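As the structure is a prediction and not an experimental result, all values here were calculated from the model. Count residues from 1 along the sequence.
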Amino acid sequence: MVGEEGAFVLGWDEVLTEEELSTTLRVLCMSEEEFKEYKEQDGWEDDSEEEENSTLSYEALSRLKTPCKKLLYDSVLLTLESYGSDLKAEQDLLNNKEAYEKLSRREQQALHVRYGQKRILHQLLELVH
C-alpha cells in the first residue's frame with residue numbers, strides 16, 4: 001500500500017502521495033469485519049464517488065474520523081522522535097549566526113532540510129490534533 005519507499009510524501013499545502021495515505025488509513029482504521037470484506041473483494045471497486053472522498057488535502061485531513069486522526073497523529077510523533085533534535089533546537093541554530101556559520105555548507109543544507117521537514121510534520125500535528 002505504501003509503495004517501495006515505505007513512506008508518505010507531504011508538501012507544504014497537500015499530501016503528495018494522497019492515494020497511498022488515504023488507502024493506508026482506511027485499511028488500518030477498518031473493523032475486522034470490514035477488513036475481511038475488503039480482502040474478499042480484492043480491495044474497493046472503482047467508484048468515482050468513493051474516489052473523490054478519498055482525496056486527502058490538508059483541509060480534508062482535519063475532517064478525518066477520530067481513529068484515523070489518532071493513527072496519523074501518533075505516526076507523526078514517532079517520526080519526529082526519530083530525529084536527533086527537536087524543531088526548537090533547529091530554529092535556535094538557524095537563528096544563531098555564529099554557530100550557523102561554523103557549520104560546513106553540507107551541514108547547513110542538512111539543517112535547512114531537517115527544519116523544513118519538522119515544520120511540515122508539526123503543521124500536520126496541528127491539523128489532526
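Listed here is the closest heavy atom pair of L111 and E90: CD1-OE1, 2.5 Å. A pairwise comparison of heavy atoms in T24 and F8 identifies OG1-CZ, 3.7 Å as the closest pair. Residues I120 and G11 come closest through the heavy atom pair CG2-O, 3.9 Å.
No more than 12 heavy-atom neighbours from other residues, nucleotides or ligands sit within 6.0 angstrom of CG on D13.
Rounding to the nearest 0.5 angstrom, the gap separating the CG atom in L93 from the CD atom in Q108 is 9.0 Å. The distance from atom OG1 of T66 to atom OH of Y73, rounded to the nearest 0.5 Å, is 14.0 Å. Here T17 contributes atom OG1 and L10 contributes atom CG; the two are 6.5 Å apart, rounded to the nearest 0.5 Å. From L77, atom CG reaches atom OG of S82 across 11.0 Å, with rounding to the nearest 0.5 Å. Between E18 atom CD and L61 atom CG the span is 9.5 Å, to the nearest 0.5 Å.
With sequence neighbours left out, E33 forms a salt bridge (charged side-chain N to carboxylate O under 4.0 Å, His left out) with no residue at all. In this structure, S62 has no side chain to side chain donor-acceptor pair (under 3.5 Å) partners at least two apart in sequence or on a different chain. Legend: residues meeting salt bridge (charged side-chain N to carboxylate O under 4.0 Å, His left out) with K65, ordered by chain and number and at least two apart, are absent. Taking the salt bridge (charged side-chain N to carboxylate O under 4.0 Å, His left out) definition, one finds that D74 meets it with K70, sequence neighbours left out. Under the side chain to side chain donor-acceptor pair (under 3.5 Å) criterion, R63 pairs with E59, not counting sequence neighbours. With sequence neighbours excluded, the residues forming a side chain to side chain donor-acceptor pair (under 3.5 Å) with Q91 are Y115, listed by chain and number. When the salt bridge (charged side-chain N to carboxylate O under 4.0 Å, His left out) test is applied to D92, the partners found at least two apart in sequence or on another chain are K88. Annotation: ring pair (Phe, Tyr, Trp, His ring centres under 6.0 Å) contacts of Y83 (sequence neighbours excluded): none. Applying the side chain to side chain donor-acceptor pair (under 3.5 Å) test to E107 and every residue at least two apart in sequence or in another chain returns S104.
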Give the table of side-chain donor-acceptor pairs shorter than 3.5 Å for residues 96-103, with sequence neighbours excluded, one pair per line with atom names and distance.
from : atom 1 : to   : atom 2 : distance (Å)
N96  : OD1    : E98  : N      : 3.3
N96  : OD1    : A99  : N      : 3.1
Y100 : OH     : H112 : NE2    : 2.8

Compile the donor-acceptor pairs under 3.5 Å between side chains in residues 121-129 and protein atoms, sequence neighbours left out, one pair per line.
from : atom 1 : to  : atom 2 : distance (Å)
Q123 : NE2    : W12 : O      : 3.0

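K36 has a carboxylate O that lies under 4.0 Å from a charged side-chain N of E32, or vice versa, which qualifies the two as a salt bridge.
With hydrogens and angles disregarded, a donor-acceptor distance shorter than 3.5 Å links the side chain of E34 to the backbone of S31. In terms of modelled atom types and a separation under 3.5 Å, the side chain of K118 and the main chain of S85 share a donor-acceptor contact.
Linking Ile, Leu, Val, Met, Phe, Trp and Tyr whenever their side-chain heavy atoms come within less than 4.5 Å leaves L87 and V76 in two separate clusters. Residue V15 is grouped with residue L80 when hydrophobic side chains (ILVMFWY) are merged at heavy-atom distances under 4.5 angstrom, including chains of intermediate members.
The hydrophobic cluster containing L16 also includes V9, under a criterion of side-chain heavy atoms closer than 4.5 Å among ILVMFWY residues, counted directly or through chains of members.
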